[in-house]
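One structure below.
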Amino acid sequence: MGTEKIIFYIFAFIVVFGATMVISVRNPVKAALYLVLTFFASAAIWLLLEAEFLAIVLVLVYVGAVMVLFVFVVMMLDINVARLKEGFIRYLPLGIGVAVLMAVMMIMVVGPEYFGLDKIAAPERHGADYNNIREIGGILYTVYVYPFEIAAVILLVAIVAAIVLTLRRRPNTRQQRPEEQIAVKRGERVRMVKMSAEERK
Amino acid sequence: MINFQLPDFSPALPEMFLLGMTCIVLIVDLFLNDRTRLVTYFLAQVALLGTLMITLNTVSLDVQTTFSGVFIRDPMSDVLKIAVYTAAFVTFLYAKDYLRDRGILKGEFYVLGLFGVLGMMVLISAHNFLTVYLGLELLSLSMYAMVALQRDSAVASEAAMKYFILGAIASGMLLYGMSIIYGITGSLDLSEMAAQISTQKSHILMAFGLVFMIVGIAFKLGAVPFHMWLPDVYHGAPTAVTLYIASAPKIAAFAMLMRLLIDGLYGMHEQWQGILIILAVLSMGVGNILAIAQTNIKRMLAYSTISHVGFLILGALTGTQNGFAASMFYTLSYVLMALGGFGMIILMSRKGFEADKLEDYKGLNQRSPWYALMMLILMFSMAGVPPFLGFWAKLAVLEEVVAAGHVWLAIVGVIFSIIGAFYYIRVVKLMYFDKADVSEPLSSSLDMRLMISLNSLAVLFLGIFPSGMLNMCLLSVPG
C-alpha cells in the first residue's frame, strides 16, 4: 500500500501543478505543453486504478493526436493574449470571492470524512492475467451497444457540422486540377521561338 | 465471459428507422442542386411521418426496458416523442420558405434537424446517465451547428459561439454531478439509483451531485439564473432555427428533468424541491419583467419562454403525479404556442425584412385580418386568457401547486402572469389599434398559411376541449 500511495501523490501533484500552469502561463504553446504533462500524469493515475487500456488511449488519443493538433493550431493563430486579459483585474476580486466560496463549500461537503475506504469500499484487485481490453470490448459491443451507437451518431453530426460550417465554394479561388494537369500536352506549355543569335562583342 | 443475450430491438424501432432515414437524406442531398433541394425537405418530412407511424403502431401501456436497461419505453416517452415529431414536422414546414428566400436552404438544416430529433428521442427514452448525456449532446451539437448555419451573419455566429461555450460549460456541470453520484452509488442506471437512495440515510454527498445536475437541466430549459444564452441565441439565430430550438427541445428538456429527478432521484425530493422553487420564482419574475422592456419580438418571446419555463418547473416541483402531469401538459401547450408565435414571425417576414421588431406588427388587422386574429389567439393563449389553451395549462399547474400546499407559490405565479399579460396584450394593441406603416397584404405559400391557421386554431380548439390532452398527460406520467 505504501509505495502505491507515494506514487499516487507524486502523480496527483503533477496533475494539479500542470493544470495550474495551463491556466497561468502567458505563452499559449507552453500552456498546451503543460496540458500534455497533465494528461501524462492522469494516465499514470489511471494505471494505478488498473485501467491500463484507458491510460494508453489517453496518451495515444489526447497526447498523440489532439494535443499535437492543438499546439499546431495555437502556433498558426495569432492570438492577442493582452486583449484576452482585458478586464482580468476588474473581475479578479469577484472571481476570487466566488472561487473561495465554492472551494470552502466543496471542502465542507466532499471532505475526506465522506470518502474514506470505510464509506466506499475499494474495488477488488485483479490478477496479472486479467485483461482489461478484453473486458471493455466484451461489454462495449454487448451491454453498452446502444450508447456506443449513439456516440457514433454524435461523431457523424460533428463531421456534418464541421463541413457545413467551414466548406465554402468560392468560384474565384485557384485550385489544382490534377486530371487536367496530367493531360497537358507539350504544345500548351512550351512555345518554340526562333531568334537569331546575338552577335558576340 | 459475459453472459449476453441479444436485446429486444423492437422498442427502439422508431429510433432505428429515423437514423436510417436521416442517413439516406444525408446521402440523397449530395446529389441535389439548389433547384431540386425540395426533395430533401420532402424526404425529411417522410422520415418524420414514418417514425410517427412506427411509434403509433408499436404503442403500448407497458413499461419496457431494453439494451441492458439503458433504454426505456413507457407511455410518457411515447406521448413526448409523438409531440416531438409533430413539432419538428411543423418547424420544417415553416422553415422551408424562410430558408429558401435567404439562400440558406441547405440539406444540412434538415439533416441536423433530424439528428436533433433523434437526440431528443434518445433523451426521452433514456434510463441511464450515459444515454441521458449522449442524447443531450446529440441534440445540443445539432442545435449549435444550426444556429451557425447562416455563416455570413455576424449576429448568428456570435449567438452560436455563446450557445456553444455556455452549453459546453453546462454539459460539464451535468457530467460533474453525474460523476459524483456515480461515485457514490456505483451505478449509472436510474432505477438502481432510486433503489440505492431509498436505503441510504445521509444524502449530503448526493445533494452535492444533485446541485450540479440541476444546473445542467436548468441551463437546457433556460431557467433563471442560467438563462443568459437564451435571448441572445433566439435573437441571433435565423428565425427558422429559433423556431426549432424554441419548440421541440423544450419537450426533451422536460423529459430530462423527469428522467433524472423523478425516475432517478425521486428519493431526494425534499432536496431538489427547494432548488426548483428558487428556479421557478426567479424564472417567472425575470422572464416576465424583462420581456416588457424588449422591442424585438424574438427577444420578447425568448423572455416569455423563460417565464413559461418557470411555470413548467412549478408543476414539477410539487412531486406529485398530478403535478408532473400538469407540468407535461404545460410543456406541450407551450410548444404548440411557441410554434405558432415564431411561425407568425416567419409568415410576416420576407427576403430582406425579418419582421422581428414589435412595430412591424402595427396595424396587422388592416393588412390581413385573418392572421391578426391568429396572432391574437396565440398571444392571448400565452398570456393565459380563457378559453385558450394557455389558460388551462396555467390553471392545471396552479391547481397542483395549491394542492401540494404551496399557496404562496401559486400567488407569486399568478402575480407574474398578470405582469406578463402586459407585453402579450401590447402586441394585440399594436395589431388592432395602431395604423399600419405599409399596406400590402402578407404573401406566403399555401402550405405555410394553412399550417399556421391550423396551429392557431388548435390552440383555440384544445382550449375549448382541454380534458382529452390533460387526461392523456395524467395517464402517461409515471407514478
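What's counted below: heavy atoms across the whole structure, side chains too, no hydrogens, waters or symmetry copies.
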Legend entry - Heavy-atom proximity to chain A below 4.5 Å, by part of B/Leu6: neither

Legend entry - Region of B/Leu130 that comes under 4.5 Å of a non-hydrogen atom in chain A: side chain

Legend entry - Lys/Arg N to Asp/Glu carboxylate O, B/Glu108 vs B/Arg151, below 4.0 Å: no

Legend entry - Reference residue B/Leu136; test side-chain contact (heavy atoms from CB on, under 4.5 Å); the match among B/Leu174, B/Leu141, B/Thr131, B/Val122: B/Leu174

Inset, instruction - Please state whether the side chain, the backbone, both or neither of B/Leu134 comes within less than 4.5 Å of a heavy atom of chain A. - result: both

Inset, instruction - Give me the contact list for residues 207-214 of chain B versus chain A, heavy atoms only, anything under 4.5 Å, ordered by residue number. - result: B/Phe208

Inset, instruction - Pick one of side chain, backbone, both or neither for A/Met105, based on which atoms fall under 4.5 Å of a heavy atom in chain B. - result: neither

Legend entry - Validation row, ring centre A/Phe11 to ring centre A/Phe40 under 6.0 Å: no

Legend entry - Note: B/Lys81-B/Glu15 ion pair, threshold 4.0 Å (strictly below): yes

Legend entry - For B/Thr65, the option from B/Asp189, B/Val70, B/Ile72 that meets side-chain contact (heavy atoms from CB on, under 4.5 Å): B/Ile72

Legend entry - Stepwise side-chain contact (heavy atoms from CB on, under 4.5 Å) check, B/Gln64 with B/Thr66: CA-CA 7 Å; B/Gln64 297 164 283; B/Thr66 183; over 6 Å; no

Inset, instruction - Select one option (side chain, backbone, both, neither) describing which atoms of A/Ala158 are under 4.5 Å from chain B's heavy atoms. - result: both

Legend entry - A/Val145 portion near chain B, given a 4.5 angstrom heavy-atom threshold: side chain

Legend entry - Parallel, tilted or perpendicular, as decided by the 30° and 60° cut-offs, for the rings of B/Phe67 and A/Tyr146: parallel

Legend entry - Residues B/Arg102, B/Asp152: salt bridge by 4.0 Å N-O rule: no

Inset, instruction - Could you tell me the separation between the CE atom of B/Met256 and the CG atom of B/Leu123, rounded to the nearest 0.5 Å? - result: 6.5 Å

